[in-house]
Amino acid sequence: MNTSDTPTHASWWASHRRRRPAVLAAVLAAVSLGALGNAPTGHARTPEPAVATCPAKLAGKAKCYTGQDTNGAYYAIAVPTHWNGSLVVHAHGGPDLGDSSDPSRSTDDLERWAVMVDQGYAWAGSSYRRGGYGTRMAAADTENVRRLFLAQFGKPKRTYVHGQSWGGDVAAKVAETYGAQPGAYDGALLTSGVLGGGSRGYDYRVDLRVVYQYYCHNHPRPTEPQYPLWQGLRPDSTMTHAGLRARLQECTGYASDPADRTAAQQRNLDDILAVTRVPERSLESHLQFSTFTFRDIVWNRLGGRNPFGNRGVRYSGSHDDKALNAGVERFSADPTARRDLSYDSDLTGKVSLPVLTLHAIDDPTAFVEHEAAYRATLRGAGRDGNLVQTFTKETEHSALSDSEYANSLSALDTWVRTGRKPTPSSIAASCGAFDDVYGSGCFYDSAFRPSPYASRVRPRPGGLTWPAMTAARERAWSRIDGVGIAP
């Protein structure tokens with residue numbers, strides 16, 4: 001919402017242009033010298049962002065810019081005509097699996113999150129320097145785009161980091177890694193977040209990978225080269241997403257009307273869904289992740305080492321649990337691989353900023369129990385007083401109501417400005433004013449509390465305490481040469 005003392009983009013620019021060269025030089029020097037943790041040395045200067053066409057939703061409401069930083073990450077920036085002086089730095093989900101940065105990712109995200117610019121906030125988002133897994137890399141690139149914004153437009157009044165899906169983990173990592181720096185970030189908004197971290201957050205996909213193969217025997221087929229299922233897919237496989245989809249259809253008939261499935265397909269589908277607790281409507285996407293993203297994690301990021309395990313897990317819910325548990329493939333994680341994945345993407349809970357989360361109760365992709373894991377993580381670090389969680393009756397993952405996004409950002413901003421911590425009920429009550437503008441609905445359930453993570457995802461031995469990586473362990477691991485995932 002704009003206020004009477006909100007500067008226009010033009011007047012704000014005029015008041016800051018005299019000090020911009022010094023700020024720009026200082027920040028670009030820091031960026032080019034690799035001052036962002038694991039950011040490698042870049043070129044002498046980062047080209048200034050170029051003026052770009054804004055998304056249709058922001059036509060006449062903002063000025064938009066695009067560019068590429070010294071690490072190769074493309075980015076997009078928008079500054080509203082009636083800027084309220086504050087900035088939202090966005091961390092996108094995924095991860096995308098391309099080899100290089102995708103210039104369309106940040107511009108597409110700007111269009112998707114245009115509601116934040118419409119509310120008067122400047123917006124900056126990075127496409128990250130490469131595709132593939134790497135939470136700390138993505139966090140460094142998110143911090144980088146904040147610094148680039150500062151270099152070009154000066155220091156905002158307040159800065160909020162926002163992350164969606166896997167970007168929720170990235171934004172939470174930003175809050176922990178860079179949030180203690182004076183004046184860097186003032187709060188975090190995590191929406192539909194994968195907040196269980198990498199070492200535990202994908203265990204249900206590990207289970208899906210092995211349970212699927214037990215019933216379907218076609219990934220790989222007996223006639224094809226065999227490989228351990230923790231690899232997701234052998235590195236030289238030419239399988240495509242469409243090819244995997246065809247195999248899933250062959251085994252389960254998931255894309256067919258129930259009346260058109262064979263009895264064997266229906267039983268396979270029923271058993272897979274019951275055992276893994278994966279929703280039918282997102283079965284394909286989870287299997288795709290446990291195939292192609294697992295291959296990226298194992299082969300491209302961990303040098304062929306296995307970070308996953310399922311020994312000690314008892315599967316249940318099938319028509320014959322005894323046979324399933326006797327026949328399903330079992331394996332144990334390589335300790336160094338699990339350490340590197342944990343260091344890269346697990347959260348310590350040591351966050352000093354106000355954090356607001358928004359999550360659909362029936363999220364089919366990042367189960368709402370991720371929120372229970374995150375609360376337990378902050379509680380284990382003694383920081384749960386910095387957290388407010390809100391839940392809605394929606395059934396989506398990738399996009400919730402614009403009214404709720406605008407309301408969430410406003411609630412976080414009010415919390416930061418006034419120091420008065422909101423409640424789920426007060427946030428639900430304030431949504432109506434934004435729905436009058438956007439008309440996309442307010443679906444809060446203020447009384448909802450998610451069950452523990454282990455109620456949805458079968459824990460591995462020793463996997464019931466949070467945080468999965470303590471701050472002390474993070475410090476100890478950080479002293480190991482080459483720990484984590486390379487940027």
Side-chain angles (χ1 to χ4, degrees), residues 94-95 97 131-135 166 169 194 196-222 224-241 243-244 247-248 251 271-272 275-278 283-315 324-346 367 453-454 456-463 468-469 483-486:
L97 296 182
Y133 203 86
T135 305
W166 177 59
D169 189 40
V194 181
S199 72
R200 298 178 187 174
Y202 306 126
D203 281 345
Y204 66 98
R205 286 167 168 159
V206 174
D207 295 338
L208 172 61
R209 187 68 182 85
V210 299
V211 169
Y212 174 86
Q213 182 64 5
Y214 172 79
Y215 288 111
C216 297
H217 308 292
N218 67 3
H219 188 26
R221 301 184 191 279
E224 295 174 328
Q226 302 298 294
Y227 54 88
L229 297 180
W230 51 261
Q231 294 182 2
L233 192 64
R234 71 180 196 274
D236 58 346
S237 174
T238 59
M239 177 181 281
T240 63
H241 288 268
L244 179 56
R247 295 191 188 205
L248 176 59
C251 175
D271 279 341
I272 292 169
V275 173
T276 64
R277 303 163 185 168
V278 169
L283 175 61
E284 181 198 328
S285 66
H286 288 299
L287 188 61
Q288 298 277 4
F289 191 103
S290 66
T291 299
F292 297 104
T293 306
F294 277 16
R295 177 171 66 174
D296 175 74
I297 291 172
V298 168
W299 288 108
N300 297 335
R301 312 305 158 201
L302 296 175
R305 294 173 295 144
N306 173 27
F308 305 120
N310 68 337
R311 294 197 187 277
V313 175
R314 174 165 176 77
Y315 298 107
L324 170 62
N325 282 283
V328 74
E329 185 173 318
R330 303 280 183 174
F331 39 81
S332 299
D334 177 317
T336 63
R338 191 163 185 83
R339 175 204 66 195
D340 287 351
L341 181 60
S342 178
Y343 180 77
D344 180 74
S345 57
D346 282 347
F367 302 150
Y453 189 70
R456 184 69 177 265
V457 181
R458 291 178 172 85
R460 277 53 183 161
M469 175 182 64
V483 72
I485 291 176

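In this text, all values refer to a predicted model and were calculated from it rather than measured experimentally.
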When you compare the side chains of [X] and [Y], does any donor N or O come within less than 3.5 Å of an acceptor on the partner?
X: Arg205; Y: His286; result: yes
X: Asn310; Y: Arg209; result: no
X: His241; Y: Gln288; result: yes

Residue pair [X] / [Y], side-chain heavy-atom distance below 4.5 Å:
X: Arg295; Y: Leu97; result: no
X: Trp230; Y: Val206; result: no
X: Phe331; Y: Val210; result: yes
X: Pro220; Y: Tyr227; result: yes
X: Leu283; Y: Leu208; result: yes
X: Pro225; Y: Arg234; result: yes
X: Leu233; Y: Met239; result: yes
X: Tyr343; Y: Ile485; result: no

Determine whether a donor-acceptor pair (N or O, by modelled atom type, separation under 3.5 Å) exists between the side chain of [X] and the backbone of [Y].
X: Glu224; Y: Arg221; value: yes
X: Ser345; Y: Gly198; value: yes
X: Arg460; Y: Gly309; value: yes
X: Arg305; Y: Asp334; value: no

Candidate pair Arg200 and Val457, rule side chain to side chain contact (heavy atoms under 4.5 Å, CB included), full reasoning
CA-CA 9 Å; Arg200 298 178 187 174; Val457 181; over 6 Å; no
Roughly how far, to the nearest 0.5 Å, is [atom2] of [Y] from [atom1] of [X]?
X: Asp169; Y: Thr135; atom1: CG; atom2: OG1; value: 4.5 Å
X: Leu244; Y: Asn218; atom1: CG; atom2: CG; value: 8.5 Å
X: Ile272; Y: Cys251; atom1: CD1; atom2: SG; value: 5.0 Å
X: Asn306; Y: Leu341; atom1: CG; atom2: CG; value: 10.5 Å
X: His219; Y: Leu229; atom1: NE2; atom2: CG; value: 8.0 Å
X: Asn300; Y: Thr293; atom1: CG; atom2: OG1; value: 10.5 Å

Heavy atoms only: give me the nearest [X]-[Y] pair and the separation to one decimal.
X: Trp166; Y: Gly132; value: CH2-O, 4.4 Å
X: Tyr204; Y: Val278; value: CD1-CG2, 4.3 Å
X: Pro461; Y: Gly312; value: CG-CA, 4.4 Å
X: Pro307; Y: Leu302; value: CG-CD1, 3.6 Å
X: Val328; Y: Val211; value: CG2-N, 4.2 Å
X: Val275; Y: Leu324; value: CG2-CD2, 3.8 Å

Out of Asp344, Asp340, Asp346, which residue meets the side chain to side chain donor-acceptor pair (under 3.5 Å) rule with Ser199?
Asp346
Got a salt bridge between [X] and [Y], using NZ or NE/NH1/NH2 to carboxylate O under 4.0 Å?
X: Glu329; Y: Arg311; answer: no
X: Arg277; Y: Asp207; answer: no
X: Asp296; Y: Arg301; answer: yes

Check for me whether the distance between the ring centres of Tyr214 and Tyr315 falls short of 6.0 Å.
no
So, do Tyr453 and Phe367 have ring centers that fall under 6.0 Å from each other?
no
All ring-ring contact (aromatic ring centres under 6.0 Å, His included) counterparts of Tyr212, not counting sequence neighbours
none
Is the Phe289 ring parallel, tilted or perpendicular to the Phe294 ring (thresholds 30°, 60°)?
perpendicular
